[in-house]
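Hydrogens, waters and symmetry mates are skipped; everything else that's a heavy atom, side chains included, is used. Residues take their numbers from the sequence shown, with the count starting at 1.
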Amino acid sequence: MAKQIRTIGVMTSGGDSPGMNAAIRAVARACSYYNVKCIGFYRGYQGMIENDYCELNARSVRNIISAGGTILKSARSEDFRTPEGRKKAAENLKKSDVDAMILIGGDGTFKGGKIFSEEHDIPVIGVPGTIDNDIAGTNFTIGYDTALNTVVEAIDKIRDTASSHDRLFFIEVMGRDAGFIALNSGVGAGAEEILIPEEDLGLDRLLESLKRSKRSGKSSSIVVVCEGDKIGKNVYELADYVTDNLPDYDVRVTVLGHMQRGGSPSCFDRTLASRLCVKAVELLLDGEENVMVGLLNNKIVATNFDEGLKEDHSINKELLRISDILSV
């Protein structure tokens with residue numbers, strides 16, 4: 001028989017992403033709709049360990065749907081990696097009468113939640129919130145669309161300067177192990193070359209591509225570099241290498257950094273967060289646990305943690321081919 005759910009806890013964990021507040025709002029209001037108490041834990045798993053929480057209701061989350069960041073804060077918890085830390089968190093949930101948890105974050109958040117649920121028999125549902133879009137079981141993660149648009153807008157502005165001064169710009173974007181932002185923003189902003197972790201194109205190919213651009217009459221170029229690119233150099237070393245080998249280019253570097261995480265979420269991310277989190281609450285009330293919710297083919301689906309965590313969310317290599325064609 002499914003455990004009766006009277007109180008649902010929610011937290012945000014890992015790197016912040018635009019739309020997390022929209023997700024918190026959706027959890028709180030869905031709980032209110034179904035007459036379930038909702039409490040939010042501050043700073044992710046660390047807040048669970050320290051029993052640092054607040055009660056959330058339909059009115060306490062008003063006007064946050066458009067705000068970037070997360071009102072519940074986010075942090076990485078070394079204490080939660082230990083059995084002792086997880087035990088303390090479970091004890092605090094029991095004291096606060098929390099029957100189940102909704103975890104908003106990335107794969108690290110889900111891995112921790114899976115272990116925690118197995119050890120202490122507490123139902124959890126994962127909601128994918130990360131700008132990297134690197135979670136299996138969903139076509140899109142909360143925050144990815146906003147980050148992508150932030151990057152494209154920035155590249156458009158940098159191109160104005162590149163064109164005005166006949167310069168080559170290397171623009172580094174986030175994505176430690178996944179090239180979704182780099183690949184899609186590169187195609188969307190018309191970059192001449194895109195460097196991502198999933199495809200090691202090599203230095204020789206990069207040089208040849210830039211030479212070809214020069215021969216075709218281009219006076220400026222944009223190269224989008226994912227921070228986790230495996231070409232073997234960081235973006236500054238890469239710029240120095242090109243300068244040494246192609247002295248005709250006036251090379252500059254821009255690292256977009258954490259600006260990609262901030263800003264008001266797009267309509268898509270607000271809607272995605274709302275759909276996923278209402279479903280997360282409903283799944284818990286229906287007795288589901290140890291799954292993550294995602295959007296596949298525009299339908300909200302639940303994926304078992306074991307399946308979601310062992311699969312890779314692969315990039316669309318067709319976009320690489322398209323990028324090559326359009327960079328002539």
Side-chain angles (χ1 to χ4, degrees), residues 5-48 50-75 92-93 96-106 109 113 123-131 138 140-150 258-286 292-295 300:
I5 306 297
R6 295 186 179 87
T7 302
I8 292 176
V10 60
M11 52 157 258
T12 51
S13 179
D16 63 302
S17 62
M20 280 186 164
N21 280 326
I24 295 166
R25 171 183 180 271
V27 172
R29 292 201 167 180
C31 284
S32 180
Y33 180 85
Y34 287 110
N35 296 314
V36 174
K37 184 178 178 182
C38 179
I39 67 173
F41 285 92
Y42 291 107
R43 295 172 294 113
Y45 288 124
Q46 194 62 33
M48 288 168 59
E50 297 175 7
N51 210 28
D52 186 10
Y53 67 86
C54 64
E55 185 169 346
L56 299 173
N57 56 53
R59 299 287 72 80
S60 67
V61 293
R62 68 185 183 278
N63 299 331
I64 70 170
I65 193 171
S66 62
T70 163
I71 62 167
L72 291 178
K73 312 296 183 183
S74 186
N92 286 333
L93 292 188
S96 305
D97 296 321
V98 175
D99 302 305
M101 287 292 303
I102 291 177
L103 316 173
I104 305 167
T109 300
V124 301
I125 300 285
V127 177
T130 168
I131 67 168
T138 186
F140 301 100
T141 57
I142 298 168
Y144 170 64
D145 182 71
T146 306
L148 200 55
N149 282 285
T150 296
H258 286 83
M259 69 175 289
Q260 297 162 84
R261 292 194 183 280
S264 181
S266 66
C267 179
F268 181 89
D269 276 328
R270 299 181 199 191
T271 303
L272 178 64
S274 300
R275 292 178 69 186
L276 293 179
C277 288
V278 168
K279 185 64 172 180
V281 170
E282 291 174 342
L283 285 172
L284 285 174
L285 297 180
D286 288 340
M292 61 156 276
V293 289
L295 182 72
I300 304 299

Peer 1: To the nearest 0.5 Å, what is the distance between CD1 (I131) and OG1 (T141)?
Peer 2: 8.5 Å
Peer 1: Any side-chain heavy atom of L276 sitting closer than 4.5 Å to one from P128?
Peer 2: yes
Peer 1: Take L72 and Y42, measure what side chain to side chain contact (heavy atoms under 4.5 Å, CB included) needs, and give me the verdict at the end.
Peer 2: CA-CA 5 Å; L72 291 178; Y42 291 107; 4.1 Å; yes
Peer 1: In terms of side-chain heavy atoms, does S266 have a donor or acceptor partner in N149 at a distance below 3.5 Å?
Peer 2: no
Peer 1: Roughly how far, to the nearest 0.5 Å, is CD of Q260 from CG of L148?
Peer 2: 10.0 Å
Peer 1: Going by atom type alone, with no hydrogens or angles, which donor-acceptor pairs under 3.5 Å involve a side-chain atom of residues 5-17 and a protein atom two or more places apart or on another chain?
Peer 2:
residue : atom : partner : partner atom : Å
R6      : NH2  : Q4      : OE1          : 3.2
T7      : OG1  : D97     : O            : 3.3
T12     : OG1  : T70     : OG1          : 2.9
T12     : OG1  : K73     : O            : 2.8
S13     : OG   : T109    : OG1          : 3.3
S17     : OG   : I142    : O            : 3.1

Peer 1: So which heavy atom on P265 is nearest to which on G19, and how close?
Peer 2: CB-N, 3.6 Å
Peer 1: Distance-only check: which donor-acceptor pairs under 3.5 Å involve side-chain atoms of residues 23-35, not counting sequence neighbours?
Peer 2:
residue : atom : partner : partner atom : Å
R29     : NE   : A58     : O            : 3.1
R29     : NH2  : A58     : O            : 3.0
Y34     : OH   : E282    : OE2          : 2.6

Peer 1: Report the distance from atom CG of N51 to atom OG of S96, rounding to the nearest 0.5 Å.
Peer 2: 4.0 Å
Peer 1: Mind jotting down which residue pairs meet the salt bridge (charged side-chain N to carboxylate O under 4.0 Å, His left out) criterion with at least one end in residues 52-65? Sequence neighbours excluded, please.
Peer 2: R43-D52
Peer 1: With rounding to the nearest 0.5 angstrom, report the CG to SG distance, L283 to C277.
Peer 2: 11.0 Å
Peer 1: So N92 and M48, do their side chains get closer than 4.5 Å, heavy atoms only?
Peer 2: no
Peer 1: Just grab all the salt bridge (charged side-chain N to carboxylate O under 4.0 Å, His left out) pairs involving residues 267-277, residues at least two apart or on different chains.
Peer 2: none
Peer 1: Can you name the ring pair (Phe, Tyr, Trp, His ring centres under 6.0 Å) partners of Y45, sequence neighbours left out?
Peer 2: F80
Peer 1: Before you tell me yes or no, could you show the steps for K279 and I125 under side chain to side chain contact (heavy atoms under 4.5 Å, CB included), namely the whole-Å CA-CA distance, both residues' side-chain angles and the distance that decides it to 0.1 Å?
Peer 2: CA-CA 10 Å; K279 185 64 172 180; I125 300 285; over 6 Å; no
Peer 1: Would you say the side-chain atoms of S60 pair up with the backbone N or O of L56, donor to acceptor, closer than 3.5 Å?
Peer 2: no
Peer 1: Got a sec, which residues hit ring pair (Phe, Tyr, Trp, His ring centres under 6.0 Å) with Y53, two or more places apart in sequence or on another chain?
Peer 2: F41
